[in-house]
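Data first, discussion second: the structure below is written as structure tokens.
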Amino acid sequence: MTGRDIPEEYLTGYADILAETTATGRRLTRDELDSRRALGERAAEAGFGLRALVGAHLAAARAHWPAGAGDSTLAAVEQTVDAFAEGYERAQLLAVRQEEAVRREFIDDLLHGRSDLGLLAERAERFGLRLSHAHAVAVAQGATGYDEGDAVPRDVERALFTRFGDRSILVTTKDGRLVCIAPGDQEDVLTFFAKQAHAATDGGRVAVGRSQPGPGGVVHSYEEALNALGLADRLGFDAPVLYTADLLVYPVLTRDRQAMADLVANTLGPLRSARGGPEPLLDTLVAYFDSGCVAAEAARRLSLSVRALTYRLERIHKLTGSNPADPVHRYTLQTAVIGARLLDWPDKDL
């Protein structure tokens with residue numbers, strides 16, 4: 001749109017201002033400046049471009065250039081355009097903030113499942129999501145929290161859109177974490193997000209939920225990813241990227257919390273009587289099982305001699321009645337150790 005296409009209503013009073021300031025040599029009054037700002041706001045709300053609006057003011061200045069015009073007239077043009085642009089930018093900033101508020105409200109409703117699913121699906125189309133399709137969610141957690149306007153989320157989002165373009169991808173933040181929502185059949189998007197987010201957060205961990213169908217699929221996949229991050233913290237996983245499809249055994253183990261608590265108490269409870277408490281022996285079992293029941297590797301991880309590790313395993317056998325080296329006992333002990341880590345035993349009572 002050119003300056004000649006701008007309606008005259010956005011130039012109302014402009015010619016009179018030029019004539020008056022040329023005749024008196026004065027600057028624009030406060031009321032005149034406020035009127036220019038108001039016109040700038042209205043022009044922004046109407047969707048006109050600032051470049052075309054400035055062009056219209058310059059064209060109008062030429063058309064209504066007063067006789068005897070000088071520096072005072074040029075100053076009036078400058079003041080008029082500056083006030084008009086100020087109002088225009090103020091309206092644009094307000095529109096951006098309103099859009100951000102709408103986007104934030106939608107994201108909160110989407111990830112918490114608080115809104116009517118039918119209405120949520122309608123709102124989602126505005127942001128490029130079709131909730132009737134399956135979606136998967138990846139969540140990245142760094143050492144610090146991030147807001148949506150921070151450099152890290154913007155950099156990750158830019159990398160994704162540069163690589164994939166418009167693929168119905170939504171990148172945002174929630175509770176300080178980076179979140180990526182993508183169609184469930186586009187695993188390459190979430191894999192790329194995981195790589196970018198891990199690097200951008202200086203080695204943060206990323207969890208990827210499974211593809212879930214329907215309007216409620218996003219919140220289900222999001223909750224899976226959050227649970228995976230929680231598991232990683234409790235169980236000490238060191239993998240940078242976790243896929244919830246690989247961790248399904250853990251929700252199964254904790255589905256009956258009371259049964260798991262009974263297993264931990266009955267199997268590992270006797271370790272409380274050990275000198276120094278149960279923690280050193282529990283750490284020994286963790287290292288032993290994590291190393292594939294290889295005593296030398298477990299000893300290295302614990303900075304112990306193999307002889308010292310063997311002594312600890314024998315002590316565990318004596319206290320619990322279960323031999324970690326015996327395949328018959330090993331499964332029960334290992335399951336109890338996983339349960340202890342999931343339930344934060346012995347720090348918390350069962």
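- Taking the charged nitrogens against the carboxylate oxygens, Arg104 and Asp108 do have a contact shorter than 4.0 Å, which makes a salt bridge.
- Tyr14 has its ring centre less than 6.0 Å from the ring centre of His57.
- Two residues are said to be in side-chain contact when any heavy atoms from C-beta on lie closer than 4.5 Å; Leu120 and Phe106 meet this criterion.
- Counting all heavy atoms, side chain and backbone alike, Gly277 lies closest to Pro280 at O-CD, 3.5 Å.
- From Ile107, atom CD1 reaches atom OG1 of Thr172 across 3.0 Å, with rounding to the nearest 0.5 Å.
- In this structure, the side chain of Thr29 engages the main chain of Glu32 through a donor-acceptor pair within 3.5 Å.
- Looking only at distances, a side-chain donor or acceptor of Asn266 sits under 3.5 Å from a matching main-chain atom of Asp262.
- Taking 4.0 Å as the cut-off between side-chain N and carboxylate O, Arg300 and Glu297 count as a salt-bridged pair.
- Residues Glu148 and Arg103 are paired through a salt bridge, judged by an N-O separation under 4.0 Å between the basic side chain and the carboxylate.
- Residues Leu247 and Phe237 form a side-chain contact, since some pair of their non-hydrogen atoms from C-beta on lies under 4.5 Å apart.
- No donor-acceptor pair closer than 3.5 Å links the side chain of Glu41 to the backbone N or O of Tyr88.
- Taking each heavy atom of Arg330 and Phe289 in turn, the nearest pair found is CG-CE2, 3.5 Å.
- Between the side chain of Glu224 and the backbone N or O of Arg210, at least one donor-acceptor pair lies under 3.5 Å.
- Other residues, nucleotides and ligands contribute over 12 non-hydrogen atoms within 6.0 Å of the CD atom of Glu9.
- For Ser221 (side chain) and Val137 (main-chain N/O), a donor-acceptor pair under 3.5 Å exists by modelled atom type.
- Counting heavy atoms from C-beta on, the side chains of Leu131 and Val218 come closer than 4.5 Å.
- When all heavy atoms of Ala60 and Leu11 are compared, the closest pair comes out as CB-CD1, 4.1 Å.
- No side-chain donor-acceptor contact under 3.5 Å links Arg205 to the backbone of Pro240.
- Ser273 places a side-chain N or O within donor-acceptor distance of the main-chain N or O of Pro270, the cut-off being under 3.5 Å.
- With hydrogens and angles ignored, the 3.5 Å screen pairs no side-chain donor or acceptor of Thr21 with any backbone N or O of Arg27.
- Tracing side-chain contacts under 4.5 Å through hydrophobic residues (I, L, V, M, F, W, Y), one reaches Phe161 starting from Val156; they form part of the same cluster.
- Taking all atoms of both residues into account, the shortest heavy-atom contact from Asn323 to Leu333 is C-CD1, 4.1 Å.
- Between Leu111 and Val219, the closest heavy-atom pair is O-CG2, 3.0 Å.
- Residues Tyr331 and Met260 are members of separate hydrophobic clusters, defined by side-chain heavy-atom contacts under 4.5 angstrom among Ile, Leu, Val, Met, Phe, Trp and Tyr.
- With a 4.5 Å cut-off on side-chain heavy atoms, Tyr243 and Thr191 count as touching.
- With a 4.5 Å cut-off on side-chain heavy atoms, Leu110 and Ile181 count as touching.
- Remark: side-chain polar atoms of Asp344 are not paired, donor with acceptor, to backbone N or O of Asp347 under 3.5 angstrom.
- Residues Thr73 and Pro66 approach most closely at CG2-CD, 4.1 Å, considering heavy atoms.
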Which is it for Arg130 and Glu125 under the salt bridge (Lys or Arg N to Asp or Glu O under 4.0 Å) test, yes or no, and what are the steps along the way?
CA-CA 6 Å; Arg130 296 182 178 179; Glu125 293 184 5; over 6 Å; no

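- The backbone N or O of His133 sits less than 3.5 Å from a side-chain atom of His135, completing a donor-acceptor pair.
- Two residues are said to be in side-chain contact when any heavy atoms from C-beta on lie closer than 4.5 Å; Leu282 and Trp345 meet this criterion.
- Residues Cys180 and Leu170 fail the side-chain proximity criterion, which asks for heavy atoms closer than 4.5 Å.
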